[in-house]
Amino acid sequence: MTSGVLGVIICPMVDDNLLYSLKKDPEEKMITLIDARSASSLKRKFDKAGIKYDLIDWGDVTAWRYQPVEGAFNILIRTMDLGLHSKPDVLKSTIEEYAIDMQPFVDGIGFYLGTCGNYDWNIPRWCEEKGMKPSAMFCDSKGNLCHDCVGINIAGGPKYNELQKNFVGHLYIFPAMASNYDEFMDADQAESKATEASLTDDMREALGIEPGRDGYMRWLLSLGDYRNILKIDTGIGDRESFDADVEKISERTRLAIKDAPEGWADLQPTDDLYARCKSFLKQ
């Protein structure tokens, strides 16, 4: 029987991966979720899946009012703002701060996120160098880091390189990306809005930019010669909404939809991360 407290620091873009592992694991778990705006996606998915959890404010945790169940498998989850992916330096400092803050309350940490622009940012290695609790993050079968949410869902960098060669000019979409599309695209909303607002009608006509956020996004995608959406079905996430969500994105971006052939999606990094996280606790 697993006992202790597993800390999880998670990006909403991979909450499907955590949910999949929790549902797959038959062992009873005492889940506590830090209440925050960034936790809305995970709360919605927990509720829909019938997964029981408690909510607590982070201030109550730091005041030592978090009380894990003695002898049980406890999981303490803290979510991060999805928009941090567009600011790699802020992402790095925020996650490292979260890891430091979580140390007194957990026996190990699972980092459910990618490096997102911070190449070779090996968070478990950083934790080890700092003398912190054991930790793990998404890696391929050879132990190489999975750098973003696409890499996480197709099992790493070398395979990612092959995906890019085989599907040039494609916007890669998997279930969590489809359900979080607006939040993902809003990450740099302030900068995009400022740029869009600065455009005159003459400039729009000359550049071929249609009005509105979707018009601006279509123009940006055209600059990169994007023509298709590559729909990567991981087999996890909201099965009822995936097709409809991708159709809506296709309509808004005017990109055609292609289904990725079988074999591209791979849950090996997800399975390995969860198993590694459980190994940090008493068995």
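Not measured: the values here are computed from a predicted model.
- Note that CD1 of I154 is 6.0 Å distant from CD1 of I232, once rounded to the nearest 0.5 Å.
- Hydrophobic clustering, defined by side-chain heavy atoms of Ile, Leu, Val, Met, Phe, Trp and Tyr closer than 4.5 Å, groups L267 together with Y20, I236.
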Take Y226 and H170 through the test ring pair (Phe, Tyr, Trp, His ring centres under 6.0 Å) and record every step on the way to the result.
CA-CA 6 Å; Y226 283 85; H170 288 65; 8.7 Å; no

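- Within a 6.0 Å radius of CD in Q164, more than 12 heavy atoms belonging to other residues, nucleotides or ligands are found.
- Counting only residues at least two apart or in different chains, salt bridge (Lys or Arg N to Asp or Glu O under 4.0 Å) contacts with residues 242-251 comprise K231-D243.
- By the 4.0 Å N-to-carboxylate-O rule, D47 lies too far from K52 to be salt-bridged with it.
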Step-by-step side chain to side chain donor-acceptor pair (under 3.5 Å) determination, D16 to N153
CA-CA 11 Å; D16 285 341; N153 285 297; over 6 Å; no

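- Remark: F242 engages no residue in a ring-ring contact (aromatic ring centres under 6.0 Å, His included) (not counting sequence neighbours).
- Side chain of N74 to main chain of A72: a donor-acceptor pair is present (N/O by atom type, distance under 3.5 Å, no hydrogens or angles).
- When atom types are taken as modelled, the side chain of D35 and the backbone of L55 share no donor-acceptor pair closer than 3.5 angstrom.
- A donor-acceptor contact shorter than 3.5 Å is absent between the side chain of N166 and the backbone of L163.
- Put simply, the side chain of Q283 gets close to the backbone of L281: a donor and an acceptor are under 3.5 Å apart.
- A donor-acceptor pair shorter than 3.5 Å can be found between the side chains of D148 and Y160.
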Could you walk me through whether S41 and D15 pass side chain to side chain donor-acceptor pair (under 3.5 Å), step by step?
CA-CA 8 Å; S41 172; D15 57 16; 2.7 Å; yes

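- The side chain to side chain contact (heavy atoms under 4.5 Å, CB included) test with I34 singles out one residue from I77, D57, L76, and that residue is L76.
- No donor-acceptor distance shorter than 3.5 angstrom exists from the side chain of N144 to the backbone of D140, with no hydrogens or angles considered.
- Formation of a donor-acceptor pair under 3.5 Å by the Q103 side chain with backbone atoms of A99 is found in this model.
- R252 CZ: more than 12 foreign heavy atoms inside a 6.0 Å radius.
- Of the possible polar contacts, none joining the T79 side chain to the I10 backbone as a donor-acceptor pair under 3.5 Å is found.
- Taking CG of L145 as the reference point, atom CG of N118 lies at 11.0 Å (rounded to 0.5 Å).
- Applying the salt bridge (Lys or Arg N to Asp or Glu O under 4.0 Å) test to every pair with at least one member in residues 107-121, sequence neighbours left out, gives these pairs: D120-R125.
- The shortest side-chain heavy-atom distance between T253 and I229 falls under the 4.5 Å cut-off.
- Between E240 and K48 there is a salt bridge, since a side-chain N of the basic residue sits under 4.0 Å from a carboxylate O of the acidic one.
- The aromatic rings of W264 and F167 lie perpendicular to each other, with more than 60° between the two planes, well past the 30° mark.
- Applying the salt bridge (Lys or Arg N to Asp or Glu O under 4.0 Å) rule to pairs touching residues 271-283 yields K24-D271, D25-K278, E27-K278, sequence neighbours excluded.
- The number of heavy atoms from other shown groups lying within 6.0 Å of CZ (R37) does not exceed 12.
- Relative ring orientation between F73 and Y274 is described as tilted, the plane-to-plane angle lying within the 30° to 60° band.
- Not one N or O on the side chain of S3 forms a donor-acceptor pair closer than 3.5 Å with the backbone of G71.
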Residues Q268, S141; criterion side chain to side chain donor-acceptor pair (under 3.5 Å); working and verdict
CA-CA 7 Å; Q268 167 266 312; S141 59; 4.7 Å; no

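- Residues satisfying the salt bridge (Lys or Arg N to Asp or Glu O under 4.0 Å) test with E70, not counting sequence neighbours, are none.
- The pair K45-D238 fails the salt-bridge criterion, with no side-chain N (NZ, NE, NH1 or NH2) lying under 4.0 Å from an Asp/Glu carboxylate O.
- Here the straight-line distance linking atom SG of C146 with atom CE of M137 works out to 8.5 Å at 0.5 Å rounding.
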